Student: 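Could you have a look at this structure, given as structure tokens, before my questions?
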Amino acid sequence: DLWSTAVLLLTACCHRAVAADTAAEILEIEKATNQSLLWGPYRPNLYFGVRPRVPKSLMAGLLWARVEEYEGIQTNLRHTCEQHELDGYGWNEYDVRTGGRQTIHDPVNKLDLTTEFVKVPGGEHGGNWGVRIKGAPREDAAPDLKSTVFFYVSQEGLGHTTVTNDGDASGFEGSIHMEGSASGLGDFKIEITEGPKSNSHPRHNHPSYEDKPLDKTFVRSIQVREDQLWHVKPILFQNLKVTVDEIIAQYGEDFEKLPPPPQLYTLTNDIGHGNMHMIQKVFEGPFEFDVLYTSDSSPTPMTSDALTKAIKDATDTFSTRFLEVHKPQAPFFGDRFEEFSKSLFSNLLGGIGYFYGDSRTDRSYDPAYEEDNEGFWEEAADAQTRHSAQSLTDPRELFTSIPSRPFFPRGFLWDEGFHLLPVIDYDVDLSLDIIKSWFSLMDDDGWIGREQILGAEARSKVPPEFQIQYPHYANPPTLFFVLHAFLDKLESKSAITSGKEYAKRLLNPDVATSYLRELYPLLKRHYFWFRRTQAGDIKSYDREAFSSKEAYRWRGRTPRHILTSGLDDYPRAQPPHPGELHVDLMSWMGMMTRAMKRIAEFLGESDDITQFDKYETAILRNLDDLHWDSTEKTFCDATIDDYEENLHVCHKGYISIFPFMVGLLPSDSPRMKDILDLISDPEQLWSEHGIRSLSKSDEFYGTEENYWRSPVWINMNYLVVRELLNVAQTPGPHRTQAANIYTSLRTNLVQTVYDSWLETGFAWEQYNPETGKGQRTQHFTGWTSLITKIMAMPGLSADGGRVRDEL
Ligand code: 6A9
């Protein structure tokens, strides 16, 4: 069949040049790659939800609640991820190609749940998949804990799904069977099993039990307006109310006369046509059942036995592969660190989502958007709310990981570059596929929206004033970090990853060339969009720098924030001025220019190489000329004062070490010593829990929102650790100092995130520099997962040599 042919071709591809064979062959391999990514838990805003990477197609999801009381079901029912309602949840193991295991700890419903999701290749439509759902009463639960569990299948777009069990007014024994077809999927079957004999169900003497025994499964087919399909809870409650009304009509409202809660809250069986099918099971004590999806084009059906085997295989594959790529190094040995690192990384992969829908953009091109006169910021206390000339775009798709399932379950541009750094080591093709998805969002000018809030469901999580994207707002170009990592791999500067052929297809030089060649025009468009729209005005700077004009300024600032920079409330020039120059943006431009130059070299674009080389040289020179402050001994923003004089705005912290963080300073740079001293000074950036965002000695330290004004952020700390390692491993005057700082910082960061994880069950958005406690967003599994990479970096001795493994 096609799948095995493709796999054969894949295996062949990387041992000889693909060029010898046909484009058709490459297409086959590409197809297999795509197939293995078709299905996934791509609705990361749900505790468990499945969908394919197809705009309007099949969707499935899970809900559960304890049903021991009449009250509370509305608040206890779990579906979308929310902060502060669980004692921890997430993927302990997850591989996008094969699947993995999630555990969920629910103290209110007194239940521990497991969702084991796997994919089995075969056929032409992404193969089969299955999920085993298990529940176990927690220690403080009564042994006869009564739970109600719903699994739904809904469908958008063309096609249909039908429940094929023979009609039964009360409910069904045995499995529930569905069949259907949907766009991108062809024909399929779904079975929801009864589960093992060990499952038990509540029994009672109320006469209603005779009509509807709770050891049966209840199914209700519902027709819902397509744009309302995501409102699952309200739809479910509406349908439960049908039963409640019937029961009340029959037995009266008196609690004494009503059936017990697990009986009262059951769906009235009603199968037929509908675009949503709700399946309900009621359990007493522990339970287990399977959902088995079979594509009709698959050679074999998905069964519970096949699922058991696939779950075991997925666990084995993941563990082997994870240790090959991200094995924690000295001193982080032992199962506990391994489990911790696996969980961080798995949540990054398990958090990947497929999003589709329209979004709000303001394309009014108001002249004020030039932000070129000083009055702009006085008139607009908040530029974000100033204009409402926004409209909905056409629907777009995005395949991406996300910062946080409960709070920000959507794509953020600069977060994604960080997310993909651990991912590219594990699965090159996946990370480059995500990059492609992001670059496809680019408009004709070269702009990519910072925050991708696609569709009504995504918008429901965001206050209206934060929904609008502006086509002159940037966000750090971190995806170019990932392209650097890709080029490193192609140049074998870092080990070529092992693993499944389809996960490293793009390391084949021919395949890599065609990928980069296809992307190159978009990269250039994006690069020149940055140069054009974020250019700084240096006519008031009486410097050598003037000759090359390389200088930059973030657009979209307000008096209090530069959200576009990503470091929202980090102190900047006051008051805002159109002549401001931002050192972080200049550094990003340097990093991006280098990536462009390397790609141009890879593709042999000689004119472009010359051009990027010229920009690179100018940026490096102007960074020093415009932004280095020799009194403060640090890099600073610059601005123009009331007397039209230019001056530096120095707030020591992440901004002031930016050229170092993005890798623009060579190990023997004359600035290196000052930067290392600043980082390691406890009165400035150093804390026992990582590098602080702002110096302890800065006047704004810990003030106002205190978002980027003291807390420790893992993405920035990762960059610092990475550069320290570089300096420590390169012969030069600062090796020993860098190696020492590296060793302490690496240990402090890992220990901080680990301790907080043990204590709370979660990774956090940021860490308190004084106490080390995780704070702000809970279950922030985005760039905090870079800890996985930090753990996998080598343990060093003071001379920069690797610490021996048995330490
Ligand atoms: C506001 C409130 C339910 C802020 O991780 C995503 C971003 C980072 O890119 C950025 O650097 N976070 C950082 O400073 C979170 C941004 C959340 C904005 C959404 C709406 C939601 O209410």
Side-chain angles (χ1 to χ4, degrees), residues 44-45 80-85 344 347-348 351-353 355 359-360 382 384-385 398 400-421 438 448-454 456-470 473-479 481 554 556-558 560-572 582 584-585 587-588 653-655 658 661-662 692-694 704-719 762-767 774-786:
N45 61 318
T80 53
C81 301
E82 303 296 337
Q83 293 195 83
H84 313 295
E85 61 179 26
L344 288 179
N347 280 317
L348 194 56
I352 291 175
F355 303 90
S359 58
R360 295 196 186 284
D382 188 351
Q384 297 241 353
T385 55
L398 178 63
T400 185
S401 193
I402 56 164
S404 165
R405 287 170 61 188
F407 208 48
F408 320 126
R410 53 185 176 273
F412 284 83
L413 180 55
W414 91 298
D415 294 60
E416 197 55 20
F418 289 107
H419 298 159
L420 294 180
L421 289 175
W438 270 97
I448 304 175
R450 170 166 57 102
E451 190 174 340
Q452 293 293 330
I453 313 167
L454 304 181
E457 184 175 12
R459 273 199 296 279
S460 72
K461 284 262 182 181
V462 190
E465 67 271 26
F466 290 109
Q467 292 178 7
I468 308 164
Q469 304 294 305
Y470 294 85
Y473 284 12
N475 200 211
T478 54
L479 294 178
F481 272 150
W554 294 110
R557 86 160 278 186
T558 64
R560 300 249 160 263
H561 296 100
I562 307 189
L563 297 181
T564 48
S565 76
L567 280 62
D568 306 8
D569 63 336
Y570 194 98
R572 304 277 186 159
H582 299 129
D584 51 332
L585 182 51
S587 309
W588 287 121
Y654 293 161
I655 298 279
F658 239 89
M661 282 200 293
V662 305
R692 306 168 204 269
S693 33
L694 191 62
E704 295 182 44
E705 280 163 56
N706 191 21
Y707 199 26
W708 290 86
R709 293 185 174 196
S710 78
V712 171
W713 291 81
I714 302 304
N715 59 334
M716 296 284 107
N717 273 275
Y718 166 73
L719 297 181
F762 290 101
W764 294 83
E765 186 178 13
Q766 46 170 240
Y767 293 84
Q775 55 188 35
R776 294 266 180 167
T777 303
Q778 191 193 52
H779 203 67
F780 190 96
T781 50
W783 59 43
T784 299
S785 312
L786 282 163

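Just follow the structure's listing: the first ligand is 1, and inside any ligand the first atom is 1. Both backbone and side-chain heavy atoms feed into the values below; hydrogens, waters and symmetry mates do not. Keep in mind the model is a prediction, meaning the values are calculated, not measured.
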Student: For the backbone of Gln778 and the side chain of Gln83, can you confirm whether one donor and one acceptor N or O come within less than 3.5 Å of each other?
Tutor: yes
Student: Report yes if the distance between the aromatic ring centroids of Trp588 and Trp554 is under 6.0 Å, otherwise no.
Tutor: no
Student: Trp708 versus ligand 1: do any nitrogen or oxygen atoms come within less than 3.5 Å of each other?
Tutor: yes
Student: Quick one: which ligand 1 atoms are inside 4.0 Å of a heavy atom on Trp783?
Tutor: 8 (C), 11 (O)
Student: Relative to the heavy atoms of Lys461, which atoms of ligand 1 are at a distance of less than 4.0 Å?
Tutor: 3 (C), 21 (C), 22 (O)
Student: Report the distance from atom CG of Leu398 to atom CH2 of Trp438, rounding to the nearest 0.5 Å.
Tutor: 5.0 Å
Student: Tell me, do Trp783 and Tyr718 make a side-chain contact under 4.5 Å, heavy atoms counted?
Tutor: no
Student: Which bit of Phe418 gets closer than 4.0 Å to ligand 1, counting heavy atoms only: side chain, backbone, both or neither?
Tutor: neither
Student: Under 3.5 Å between some N or O of ligand 1 and some N or O of Asp568?
Tutor: yes
Student: Where is the nearest protein heavy atom to atom 4 (C) of ligand 1: which residue, which atom, and how far?
Tutor: Tyr707 OH, 3.1 Å
Student: Below 4.0 angstrom from a heavy atom of Pro463, which ligand 1 atoms are there? Numbered from 1 as shown, please.
Tutor: 2 (C), 20 (C)
Student: Looking only at non-hydrogen atoms, which of Phe466, Phe407, Phe408 approaches atom 18 (C) of ligand 1 most closely?
Tutor: Phe408
Student: Are the aromatic rings of Tyr707 and Trp713 close, with centres under 6.0 Å apart?
Tutor: yes
Student: Report the part of Glu416 (side chain from C-beta onward, or backbone N, CA, C, O) that has a heavy atom under 4.0 Å from ligand 1; answer both or neither where that applies.
Tutor: neither
Student: Check this for me - ligand 1, Asp415, N or O atoms closer than 3.5 angstrom, yes or no?
Tutor: yes
Student: Phe780 heavy atoms, cut-off 4.0 Å: which ligand 1 atoms fall inside?
Tutor: 5 (O)
Student: How far apart are the closest heavy atoms of His419 and Leu348, and which atoms are they?
Tutor: O-CD2, 3.4 Å
Student: To the nearest 0.5 Å, what is the distance between CH2 on Trp764 and OG on Ser404?
Tutor: 10.0 Å
Student: May I ask you to decide if Ile562's main-chain N or O and Arg557's side chain share a donor-acceptor pair within less than 3.5 Å?
Tutor: no
Student: Number the atoms of ligand 1 from 1 as they appear, then name those within less than 4.0 Å of a heavy atom of Trp414, with their elements.
Tutor: 8 (C), 9 (O), 10 (C), 11 (O)
Student: Arg410 heavy atoms, cut-off 4.0 Å: which ligand 1 atoms fall inside?
Tutor: 19 (C)
Student: I need the contact type for Ser404 against ligand 1. Using non-hydrogen atoms and a strict under-4.0 Å cut-off, is it side chain, backbone, both or neither?
Tutor: neither
Student: Which is closest to atom 10 (C) of ligand 1 in terms of heavy atoms, Ser565, Gly566, Pro476, Gly411?
Tutor: Gly566
